[in-house]
Amino acid sequence: MVIDYSSPNVAKRMHIAHLRSTVIGGAIDSLHRYLGWRVIADNHIGDWGTPFGKLIVAWNGWRDDAHFAEDPLGELQRLYESFKGKAAEEPALEDLARAETAKLQAGDPVNRALWQRFVEISLAEFDQLYARLGIRFDVVHGESFYADELTELVDELIEKGIAEVEETGAVVVRFDPSEGKGLGKSPMLVRKKDGAALYATTDLATVRNRIRTWSPQQIVYVTDLRQKLHFRQVFAGARRWGWGETAFEHVTFGILRFPDGALMSSRGGRVIRLAEVLDAARDRALELVRAKSQDLSDQEQQAVAEAVGVAAVRYFDLSQNPSSDITFDWDRSLALDGNTAPYLMYAHARCRSILRKARNTTLGPLRLEDDVERQLALLASRTPEAIQMAAASWRPNLLCEHLYALAQQTARFYEQCPVLREGVPDDVRASRLALVRATAVSLSEGMKILGIQPVERM
RNA sequence: GCGCGGUUAGCUCAGCUGGAUAGAGCGUUGGCCUCCGGAGCCAAAGGCCACAGGUUCGAAUCCUGUACCGCGCGCCA
């Protein structure tokens with residue numbers, strides 16, 4: 001299975017709307033790896049096209065070297081955004097940008113070098129965030145990777161009769177209504193009248209390359225639902241090409257909004273940086289760790305705070321059904337109590353605490369006499385089922401829900417079923433200890449799939 | 001106009017391959033540490049599941065329609 005997720009654009013900072021694809025995609029990725037799939041995670045970054053012409057114009061025209069030295073990506077983003085403002089007043093800039101884009105695509109060494117630098121700066125920052133989030137890709141083939149084969153690909157589409165040339169010179173793929181509801185009225189443009197390719201073209205080239213390279217059973221895309229039509233077209237185009245052996249899946253998720261309903265997007269201007277949210281989450285967690293866990297060393301406190309903070313942010317996103325829009329709220333996404341990642345981590349840490357203290361006690365066969373422990377055993381035993389359900393329906397939130405129920409039951413068990421206290425008969429103790437261990441394993445395996453790092457103490 | 005989503009408690013959301021009195025968190029109110037970790041536990045209040053039909057022994061869940069909200073629909077990605 002090839003899975004395509006995260007896919008940020010170069011020269012822009014990742015903001016929390018990017019978190020959705022990254023975190024949901026990452027969870028779907030690890031769910032399938034856990035179930036034995038061979039998964040190739042491919043980060044299809046936006047590193048090509050007209051934005052770079054604009055960026056080069058802005059770079060040459062009005063860059064701030066001092067700002068660039070201290071915050072490279074911030075300066076690139078500022079330049080890109082300022083281009084829009086200036087171009088609105090001075091339309092000639094758009095022509096300049098087109099010219100710079102053309103030069104870049106033709107291989108002009110100066111523009112190529114600049115582009116290379118922009119990409120490297122962006123990737124460096126993305127990698128830092130991926131490291132914090134525990135995300136790893138097998139390959140990073142951005143759009144530029146396919147740039148050289150697009151002309152040939154469109155020519156071949158025309159040759160095979162898949163696409164047709166219009167009078168203007170533009171090339172489109174026209175669909176029959178039988179290829180999908182509504183597709184008959186929505187042709188897919190693969191070449192502009194000026195000869196340039198578009199993102200549908202790149203996506204077709206990407207499909208072709210993935211099939212040639214890995215012959216996957218399945219190719220999965222994780223993007224927001226606004227791209228639904230686009231991918232339906234790409235998939236229908238791919239089937240025309242004869243790539244129907246491969247199953248295509250578009251996992252969509254809803255839009256991130258502010259509480260007042262405003263959209264969060266680079267376009268709208270109102271964004272919250274992902275790094276800023278992760279930092280805030282870590283800081284809030286650190287405050288709590290310092291108050292609650294004074295027995296941990298300063299270094300351990302820092303590590304736990306980072307794990308707890310990142311997990312809280314991830315879980316906020318993962319625990320909601322991908323298909324619905326979500327509202328970003330600082331307090332809720334950074335919450336450390338209630339239905340949150342720290343709650344799962346806490347339940348796990350309490351199990352670990354018992355197991356540490358019980359080092360020399362033997363684990364026995366299960367004797368489930370109390371209703372609370374019976375329920376706990378039942379829930380723990382259903383974890384594999386929850387993992388399968390979550391994978392099959394592309395909904396990591398199902399696993400979140402299961403783990404939360406398991407953690408809740410763990411807390412009840414902890415209150416009501418003593419394990420190591422005096423007076424607990426040996427056979428009951430041995431049974432409960434085995435149950436605690438099974439629970440700890442279920443929780444930690446499940447959390448790891450969700451990218452939540454279980455800790456021994458917190 | 002066509003297409004795709006959505007509408008469940010004060011707020012944020014689960015539950016959607018149909019199944020028992022519709023769940024959780026937050027918030028509100030009231031309890032629980034001589035006891036393995038209180039980032040916790042117990043309890044209460046709070047819902048004609050947008051509306052109207054249909055299918056079914058049974059519908060928040062499936063079908064049809066309506067209303068409202070959001071998104072998308074060739075030369076950006």
Side-chain angles (χ1 to χ4, degrees), chain A residues 7 9 44 46 48-51 54 143 166 168-174 180-200 202-203 223-230 232-233 252-255 257 259 261 263 266-267 285 288-289 291-293 295 308 312 316 319-321 323-329 331-333 335-347 349-358 389 392-393 395 397-398 400-401 404-405 407-408 410-424 429 432-433 436 457-458:
Chain A
S7 312
N9 290 324
H44 189 68
W48 201 243
T50 53
K54 297 176 182 178
E143 293 168 350
E166 297 195 325
T168 58
V171 179
V172 298
V173 178
R174 292 192 184 283
K181 197 176 174 187
L183 281 190
K185 293 181 176 172
S186 306
M188 171 169 65
L189 191 64
V190 292
R191 177 183 286 167
K192 298 196 278 186
K193 62 185 172 193
D194 69 2
L198 293 101
Y199 76 135
T202 307
D203 277 332
T223 80
D224 73 74
L225 57 80
R226 285 176 293 192
Q227 298 194 50
K228 193 86 187 167
L229 176 61
H230 165 68
R232 287 181 65 208
Q233 292 174 328
T252 57
F253 52 83
I255 298 162
R257 298 174 177 288
L263 237 61
S266 320
R267 272 189 325 179
L288 190 63
V289 173
K292 299 279 184 181
S293 309
D295 51 321
V308 166
F316 167 74
S319 61
Q320 303 190 43
N321 188 326
S323 72
S324 47
D325 289 353
I326 68 173
T327 305
F328 179 81
D329 177 78
D331 275 332
R332 248 170 44 76
S333 58
L336 304 172
D337 59 356
N339 186 354
T340 62
Y343 182 88
L344 306 185
M345 296 171 77
Y346 184 66
R350 297 217 283 191
C351 290
R352 294 300 313 161
S353 175
I354 292 176
L355 292 167
R356 271 197 310 275
K357 293 192 166 103
M389 287 288 291
S393 59
R395 278 183 299 168
N397 69 299
L398 294 182
C400 293
E401 205 172 328
Y404 181 65
Q408 275 183 314
T410 304
R412 287 186 199 112
F413 170 85
Y414 195 91
E415 299 281 330
Q416 291 181 40
C417 302
V419 180
L420 303 176
R421 285 183 202 161
E422 280 187 38
V424 178
R429 172 173 300 163
R432 287 183 175 168
L433 210 48
V436 168
R457 297 191 293 171
M458 61 187 280

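Chain letters run A, B, ... following the sequence lines, proteins first and then strands; every chain starts at 1.
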Engineer: If you look at every strand shown and take non-hydrogen atoms under 4.0 Å, does A:L420 touch a base, only sugar-phosphate, or nothing?
Structural biologist: base
Engineer: If you only use heavy atoms from C-beta on, which nucleotide in B:C71, B:C13, B:C41 is closest to the side chain of A:R226?
Structural biologist: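 Out of B:C71, B:C13, B:C41, the nucleotide with an atom closest to A:R226's side chain is B:C71.
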Engineer: Where the side chain of A:L198 is defined as all heavy atoms beyond and including C-beta, which of B:A39, B:C76, B:C13 is the nearest nucleotide?
Structural biologist: B:C76
Engineer: So, taking the atom named CZ in A:R457 and the one named CG in A:D295, what distance separates them when rounded to the nearest 0.5 Å?
Structural biologist: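 Interatomic distance, A:R457 CZ to A:D295 CG, rounded to 0.5 Å: 5.5 Å.
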Engineer: Using atom C1' of each nucleotide, how far apart are B:U28 and B:A60 to the nearest Å?
Structural biologist: 27 Å
Engineer: What contact category does A:A291 fall into here, base, sugar-phosphate, or nothing, at under 4.0 angstrom with non-hydrogen atoms?
Structural biologist: nothing
Engineer: Is A:K292 near enough to B:G37 that one of its side-chain N or O atoms lies under 4.0 angstrom from OP1 or OP2?
Structural biologist: no
Engineer: Tell whether A:R421 reaches the base of B:C35 with its side chain through a donor-acceptor pair below 3.5 angstrom.
Structural biologist: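 Indeed there is one.
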Engineer: Students often get this wrong, so: under 4.0 angstrom with heavy atoms, is A:M458 touching a base, only sugar-phosphate, or nothing?
Structural biologist: base
Engineer: With the 90 degree cut-off around zero defining syn, does B:G74 come out syn or anti?
Structural biologist: syn
Engineer: Just wondering, do A:H44 and A:D203 contact through their side chains at under 4.5 Å, heavy atoms?
Structural biologist: yes
Engineer: Is there a donor-acceptor contact under 3.5 Å from the side chain of A:Q233 to the main chain of A:S186?
Structural biologist: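 Present.
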Engineer: Determine the interatomic distance between P on B:C16 and the same-named atom on B:C63; round to the nearest Å.
Structural biologist: 14 Å
Engineer: Report which part of the nucleic acid A:A411 touches: base, sugar-phosphate, or nothing (heavy-atom distance under 4.0 Å, all strands).
Structural biologist: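 Sugar-phosphate only.
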Engineer: On a whole-Å scale, what distance lies between the P atoms belonging to B:A43 and B:C49?
Structural biologist: 26 Å
Engineer: Tell me if B:C33 is syn or anti. Syn = glycosidic torsion within 90° of 0, anti otherwise.
Structural biologist: syn
Engineer: Measure the distance from OH on A:Y414 to P on B:G37 and round it to the nearest whole Å.
Structural biologist: 4 Å
Engineer: Tell me the interatomic distance from A:D329, atom CG, to B:G27, atom C1', rounded to whole angstroms.
Structural biologist: 13 Å
Engineer: Quick one: is A:S324 getting a side-chain N or O under 4.0 Å of the B:A14 phosphate, OP1 or OP2?
Structural biologist: yes
Engineer: Mind listing the closest non-hydrogen atom pair of A:V419 and A:R429 along with its distance?
Structural biologist: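 That would be O-NE, 3.0 Å.
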Engineer: Rounding to an integer number of Å, can you tell me how far A:H230 NE2 sits from B:C4 C1'?
Structural biologist: 15 Å
Engineer: Could you state the atom-to-atom distance from CG of A:L355 to C1' of B:C36 in whole Å?
Structural biologist: 11 Å
Engineer: Taking only the C1' atom of each, what is the distance from B:G30 to B:C35 in whole angstrom?
Structural biologist: 24 Å
Engineer: Could you check how far CD of A:E401 sits from C1' of B:G23, rounded to whole Å?
Structural biologist: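 That distance rounds to 9 Å.
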Engineer: For A:D325, which contact category applies under a 4.0 Å heavy-atom criterion: base, sugar-phosphate, or nothing?
Structural biologist: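 It contacts sugar-phosphate atoms only.
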Engineer: Does A:S353 put a side-chain nitrogen or oxygen below 4.0 Å from OP1 or OP2 of B:C36?
Structural biologist: no
Engineer: Is a side-chain donor or acceptor of A:Q320 paired with a backbone partner of A:F316 at a separation under 3.5 angstrom?
Structural biologist: yes
Engineer: Indicate, with a heavy-atom threshold strictly under 4.0 Å, whether A:Q408 touches base, sugar-phosphate, or nothing.
Structural biologist: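 Touches sugar-phosphate only.
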Engineer: I want to verify a distance call: between B:A39, B:A14, B:C4, whose nearest atom is closest to the A:N321 side chain?
Structural biologist: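 Of B:A39, B:A14, B:C4, B:A14 is nearest to the side chain of A:N321.
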Engineer: Looking for any heavy atom pair under 4.0 Å, which part of the strands does A:T168 touch: base, sugar-phosphate only, or nothing?
Structural biologist: base
Engineer: For the pair A:Y404 and A:Y343, name the ring-plane relationship: parallel under 30°, tilted 30 to 60°, perpendicular over 60°.
Structural biologist: tilted
Engineer: Calculate the interatomic distance between A:L225 atom CG and B:G70 atom P; express it in whole Å.
Structural biologist: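 Rounding to the nearest Å, CG of A:L225 and P of B:G70 are 14 Å apart.
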Engineer: Whether A:Y343 contacts B:C41 is assessed here as follows: a side-chain N or O lying under 4.0 Å from the phosphate OP1 or OP2. Is that the case?
Structural biologist: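 Answer is yes, contact under 4.0 Å.
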Engineer: Picking from B:C4, B:A39, B:C73, which would you name as closest to the side chain of A:S186?
Structural biologist: B:C73
Engineer: Can you see if the side chain of A:R395 gets near the phosphate of B:C16 - specifically, an N or O under 4.0 Å from OP1 or OP2?
Structural biologist: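 For A:R395, the contact criterion (side-chain N or O under 4.0 Å from OP1 or OP2 of B:C16) is met.
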Engineer: So what does A:C351 hit on the nucleic acid, given a heavy-atom distance under 4.0 Å: a base, only sugar-phosphate, or nothing?
Structural biologist: nothing
Engineer: Reckon A:R412 touches a base, only the sugar-phosphate, or nothing at all at heavy-atom distances under 4.0 Å?
Structural biologist: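 The answer is sugar-phosphate, as A:R412 gets under 4.0 Å only of primed atoms, P, OP1 or OP2.
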Engineer: Do any side-chain nitrogens or oxygens of A:S319 fall under 4.0 Å of OP1 or OP2 in B:C13?
Structural biologist: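 Looking at the OP1 and OP2 atoms of B:C13, neither is under 4.0 Å from any side-chain N or O of A:S319.
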Engineer: Using the P atom in both, what is the distance from B:C4 to B:C62, to the nearest Å?
Structural biologist: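 B:C4 and B:C62 have their P atoms separated by 15 Å.
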Engineer: Roughly, in whole Å, what's the span from NZ in A:K54 to C1' in B:A77?
Structural biologist: 10 Å
Engineer: Does any N or O donor sit under 3.5 Å from an N or O acceptor when you compare the side chain of A:Y346 with the base of B:A39?
Structural biologist: no
Engineer: Could you tell me whether A:E401 and A:R395 have a side-chain N and a carboxylate O separated by less than 4.0 Å?
Structural biologist: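 Salt bridge between A:E401 and A:R395, a charged N being under 4.0 Å from a carboxylate O: no.
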Engineer: Nearest 0.5 Å, please: how far is CD1 in A:I255 from CZ in A:R226?
Structural biologist: 4.5 Å
Engineer: How would you label the contact of A:D224 with the nucleic acid (heavy atoms, under 4.0 Å): base, sugar-phosphate, or nothing?
Structural biologist: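 Touches nothing.
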Engineer: A side-chain contact here means heavy atoms from C-beta on lying under 4.5 Å apart; do A:R352 and A:M458 qualify?
Structural biologist: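 Contact flag for A:R352/A:M458 side chains = no.
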Engineer: Look at all strands and tell whether A:V289 reaches a base, only sugar-phosphate, or nothing, counting heavy atoms closer than 4.0 Å.
Structural biologist: base
Engineer: Does the side chain of A:N339 get closer than 4.0 angstrom to OP1 or OP2 of B:U12 through an N or O atom?
Structural biologist: no
Engineer: Roughly how many Å is it from CG in A:D331 to C1' in B:U12, rounded to a whole number?
Structural biologist: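 A:D331 atom CG is separated from B:U12 atom C1' by 12 Å.
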Engineer: For B:C36, take OP1 and OP2 only and decide whether either is under 4.0 Å from a side-chain N or O of A:K357.
Structural biologist: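 It does not, given that no N or O in the side chain of A:K357 lies less than 4.0 Å from OP1 or OP2 of B:C36.
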Engineer: Using a 4.0 Å heavy-atom cut-off across all strands, classify A:E143 as base, sugar-phosphate, or nothing.
Structural biologist: sugar-phosphate
Engineer: Please work out if A:R257 contacts a base, only the sugar-phosphate, or nothing of the nucleic acid, heavy-atom cut-off 4.0 Å.
Structural biologist: sugar-phosphate
Engineer: Over all strands shown, is A:L183 touching base, sugar-phosphate only, or nothing at heavy-atom distances under 4.0 angstrom?
Structural biologist: nothing
